[in-house]
Amino acid sequence: MISKKPQRICDEIRAGEAKRDRYLLREREVLARYHGPGYLGSGEAFVDHENHAFEWIARFSAELVQDNPRATVKGYGDPASMKEAASLEQAANRDIRHSDLGRLIQDTFPDWSMFWNITVTTSEPAIGEEHRDNALHAPYTCDVPREDFFVDASARNWGDVRICGHRVVADKEDMIAHAKANPDEGWDIGAIQQLKSRQDLHKRQDDETNEEGFNRSTERGEVEYWQVFIDEDDPKTMKAIPEAEMYAENGDKLYNGILCTVSFEVTSTDADTGKSVGLQLRPPRPYFGPPSDDTIKGPYVLHGCYRVPRHVYPLGPIMATYHQQRKLNEHVDRMLKHSAAARTVGAVDGLNTDDNERLKNAPDGAILVLAGLDKDRTATFEFPGTTQEDITVYSLLKERRDQNAGMPETARGGTQVGITATADALAGSASDARKEFCARRLAMGWKAVIKQRVWFMRNDFRVCFPLEDGTL
């Protein structure tokens, strides 16, 4: 079993972060190419003339993520099961409409297209119920930034992950007040008071890189901690739950895995050597939520398109053609420079220096009268810009990129010059098949999220549904 000691969990987090960062080395460049220099000044360093990322996302988002999804819940055949399935299906679709899950899918689609995205689903107090005793709850799903998430550094696919979690940012005063008001949750107030402010933790990084410093330059009294899920049923931790409360009436196991809440205390001595001391903010506790499988890990779902063998993180469709995009963009850069360098230069003999000066300073389209001009003593030199070879190479690079990306001219509503109708039809068919695969992979992740939400509807007695007038 994985050790629940704070220092060991701290080491797991650091190892997971180091592994994750290896997959995000090109993140800033890819994002800058997507939004371009007109959106943010830093985009000037990575101008993508083709902007394939925007084209891909604009096209497929319009086709794949227009509306809220619709859930289908199937029973096992017996009347009671079929009746419950019908009720859960109605509840799930009402919940999807009320929570506007489709908007979250739209918002995370660019992340999914370029890299991957992570969602966390929990049961939280409903809006307006936050400060009430015995508050009514509702399923809640949100996106977790990639840089705030870690997975088991030793795992080779998502199904093998034994530990994962995400960073949480909160106001220190609010945490202390919550801990005092809810002593049954086991918060360690002394450990919370030891936490350094988020601004102090990141000051050195911001000073060195000048990245995002404006986001954290104001002291807000915020602190960071980690919510960590361990996919194990530790008997010692599970003893906190009475046997009668471990299972629901329908037979579902209600507690699956362990949750730990930890943070890092960095001392001045340790900071110089890069070491962090783990702090336990809450004792390990059973996780109330659906069991893990190949798509669900506790409250988390990792969304991605293409799986890379022996790697946890998926491959986004845009990153899959990253090299072809760069080569095409570099070639377009050269073509533009060649085009800008194109010019025509006239030369005459140097016997009449006054006329030479007039020729040199003449504007484009000017007609000069030169006495005694001998046309045999003049010459014109043309320095060509973009050549036919440039255009040929451009077409080859673009065709190769589009073929790998599933973006032929037919997908853009056009046809390729010199290509037969049959070839166009085949290219369009291949593009449609690629789109259908992407749609299935996209739906797979959100199906898992809906499965999590339905689990809470079925097993959390605190969950309620809004009426048509907005009341609970």
Side-chain angles (χ1 to χ4, degrees), residues 56-74 85 88-124 137-146 148-149 151 157-159 161 164 166 229 256 289-308 312-320 406 432-460 463 465-466:
W56 199 98
I57 292 171
R59 181 212 165 186
F60 283 101
S61 62
E63 298 184 24
L64 300 181
V65 292
Q66 282 281 7
D67 303 312
N68 278 318
R70 178 166 181 79
T72 301
V73 181
K74 297 181 179 180
L88 285 173
E89 181 173 316
Q90 291 184 16
N93 286 299
R94 186 170 184 174
D95 169 66
I96 290 170
R97 293 193 301 271
H98 178 73
S99 63
D100 198 10
L101 191 63
R103 180 172 181 177
L104 180 60
I105 299 174
Q106 292 174 356
D107 290 345
T108 57
F109 185 73
D111 288 300
W112 181 88
S113 303
M114 289 184 274
F115 300 94
W116 64 84
N117 66 288
I118 307 99
T119 54
V120 57
T121 299
T122 55
S123 176
E124 300 291 338
H137 280 55
Y140 175 72
T141 302
C142 66
D143 179 53
V144 177
R146 283 183 295 274
D148 289 342
F149 184 72
V151 298
N157 61 68
W158 180 241
V161 169
C164 58
H166 73 287
F229 172 75
N256 300 276
S292 299
D293 56 25
D294 288 341
T295 55
I296 295 173
K297 282 294 172 186
Y300 304 104
V301 172
L302 177 63
H303 303 253
C305 190
Y306 298 105
R307 181 172 180 266
V308 181
V312 172
Y313 294 110
L315 176 65
I318 291 174
M319 281 303 295
D432 290 341
R434 187 83 60 90
K435 180 184 72 175
E436 290 174 5
F437 175 81
C438 290
R440 287 196 300 272
R441 293 292 295 181
L442 181 68
M444 187 182 299
W446 291 102
K447 180 180 178 181
V449 170
I450 294 171
K451 182 178 176 181
Q452 290 175 310
R453 297 176 72 92
V454 169
W455 189 95
F456 286 113
M457 295 177 202
R458 189 185 190 207
N459 295 298
D460 189 349
V463 169
F465 294 95

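- Inter-residue side-chain proximity for Pro317 and Phe437 is flagged as unmet; no heavy-atom pair is nearer than 4.5 Å.
- Screening residues 296-305 for salt bridge (charged side-chain N to carboxylate O under 4.0 Å, His left out) gives Asp231-Lys297 as the qualifying pairs, with residues at least two apart or on separate chains.
- Taking the six-membered ring where tryptophan is involved, the planes of Trp56 and Phe109 are essentially parallel, since the angle between them stays under 30° and well short of 60°.
- Side-chain contact between Trp158 and Arg307 is absent, with no heavy-atom pair separated by less than 4.5 Å.
- Contact of the Met457 side chain with the His137 side chain is not registered, since no non-hydrogen atoms from C-beta on lie closer than 4.5 Å.
- Between Trp116 and Tyr313, the ring planes are parallel. Angles under 30° get that label, and only those over 60° would be called perpendicular.
- Judged by distance alone, the side chains of Thr121 and Arg453 never bring a donor and an acceptor atom under 3.5 Å apart.
- A donor and an acceptor atom, one from each side chain of Asp143 and Thr108, are nowhere located under 3.5 Å apart.
- Asp107 meets the side-chain contact (heavy atoms from CB on, under 4.5 Å) test with Arg103; sequence neighbours excluded.
- Residues passing the ring-ring contact (aromatic ring centres under 6.0 Å, His included) test with Phe115, sequence neighbours excluded: none.
- The shortest heavy-atom contact between Asn93 and Pro69 is OD1-O, 4.3 Å.
- Side-chain contact between Pro291 and Trp455 is present, with at least one heavy-atom pair separated by less than 4.5 Å.
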